[in-house]
Amino acid sequence: MKLFVYHTPELTPTEEAPECAIAVDVLRATSTMATVLAAGGEAVQVFSDLDQLIEVSEKWPAQKRLRAGERGGAKVAGFELGNSPLDCTAELVAGRRLFISTTNGTRALQRIQDAPIVLAAALINRAAVVKFLLEKQPETVWIVGSGWEGSFSLEDTVCAGAIAHSICQQSNSSLEEITGNDEVTSAIALYSQWQNDLLGLFHQASHGKRLLRLECLEDLKYCSQTDILDVLPIQQEPGVL
Ligand code: 3SL
């Protein structure tokens, strides 16, 4: 298995595809998706365009759907949910499909949706993703960070590092054996330095600071936890996990 890390959807190659591609948006889209599926959500359907989300979700029975919209960290007016995983309780989401559009995370998923296997990963479900990869042994794996509007993000990179670090350890592979590009090495180095203070890292991150200005400290705390949900968000059909 060779791992490749790409920091943003824009930096992800377009002319080739891996056997498995993983979208990461720790703050907060893929953390929210993992939470919804772990809480019994029927599925998560992602959209980059809000109007398209409304059009498609209108065809779904109202009691079986939830609509989540986030732009710039804030909830989009008229949507039931923004992008806080803490709002996704079992009482609310069980048996319902989440139709979601966020600034960066849903774009990352759409960018990789043609790969044969597509996953969504966050720190909270890192172990489930790693377990799947070790069992399935895809030849090439791309881990694609969502970043923020085309820029690098610390939180997605540290999650990529957490996945790569765990694969290295559990498969008894050397770094050299699993590393497909330099970004993997730097992601593992970032994780190794901050693994015992991921919340501290989020406080340094530009998007972490943005969310703190929006009074989302509890979201940061929740998303900084590792391996708390045994859930594997895996694409069933393009755009649907
Ligand atoms: O950019 C995104 O997709 C979101 O996860 C951003 S936020 O955490 O909801 O602000």
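Side chains are part of it too, since the values below use all heavy atoms of this structure and drop only hydrogens, waters and symmetry mates. Keep in mind that what you see is a predicted model, and the values were worked out from it rather than measured. Every number for a ligand or one of its atoms is a count from 1 in the order of the listing.
With Asn83, Thr102, Asp219 as candidates, the residue nearest to atom 9 (O) of ligand 1 on a non-hydrogen basis is Asn83. Residue Asp25 holds the heavy atom nearest to atom 2 (C) of ligand 1 of all those in Asp25, Leu214, Val26, Leu220.
From the protein, the heavy atom lying nearest to atom 1 (O) of ligand 1 is Asn104 ND2, 2.8 Å.
Close approach of ligand 1 to Gly73 (heavy-atom distance below 4.0 Å) involves ligand atoms 10 (O). Heavy-atom proximity to Gly105, at under 4.0 Å, picks out these atoms of ligand 1: 1 (O), 2 (C), 3 (O). Ligand 1 places these atoms under 4.0 Å from at least one heavy atom of Ala29: 3 (O), 5 (O). Applying the 4.0 Å criterion to heavy atoms of Leu211 picks out, from ligand 1, the atoms 8 (O), 10 (O). In the vicinity of His207, heavy-atom distances shorter than 4.0 Å reach the ligand 1 atoms 6 (C), 7 (S), 8 (O), 10 (O).
A heavy-atom distance below 4.5 Å is not found between the side chains of Glu19 and Val141.
Residue Gly72 has no nitrogen or oxygen atom sitting less than 3.5 Å from a nitrogen or oxygen atom of ligand 1, judged on distance alone.
A salt bridge does not link Arg96 to Glu42: none of the charged nitrogens lies less than 4.0 Å from a carboxylate oxygen. The pair Arg107-Glu10 counts as a salt bridge, with a side-chain nitrogen and a carboxylate oxygen less than 4.0 angstrom apart.
Only the side chain of Glu70 comes within 4.0 Å of ligand 1, judged by heavy-atom distances.
Remark: Trp194 engages no residue in a ring pair (Phe, Tyr, Trp, His ring centres under 6.0 Å) (not counting sequence neighbours).
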- Task: Please report the C-alpha distance between Thr185 and Asp182 in whole Å, then the side-chain angles of each, then the deciding distance to 0.1 Å, and finally whether the side chain to side chain donor-acceptor pair (under 3.5 Å) criterion is met.
- Result: CA-CA 5 Å; Thr185 311; Asp182 288 357; 5.3 Å; no
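Here the closest heavy-atom approach between residue Val158 and residue Tyr191 is recorded as CG2-CA, 3.6 Å.
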Quiz: residues 77-91 side-chain donor-acceptor pairs under 3.5 angstrom, not counting sequence neighbours:
from: Glu80; atom 1: OE1; to: Arg67; atom 2: N; distance (Å): 2.7
from: Asn83; atom 1: OD1; to: Thr32; atom 2: OG1; distance (Å): 3.1
from: Ser84; atom 1: OG; to: Leu86; atom 2: N; distance (Å): 3.2
from: Ser84; atom 1: OG; to: Asp219; atom 2: OD1; distance (Å): 2.8
from: Ser84; atom 1: OG; to: Asp219; atom 2: OD2; distance (Å): 3.1
from: Thr89; atom 1: OG1; to: Leu92; atom 2: N; distance (Å): 3.3

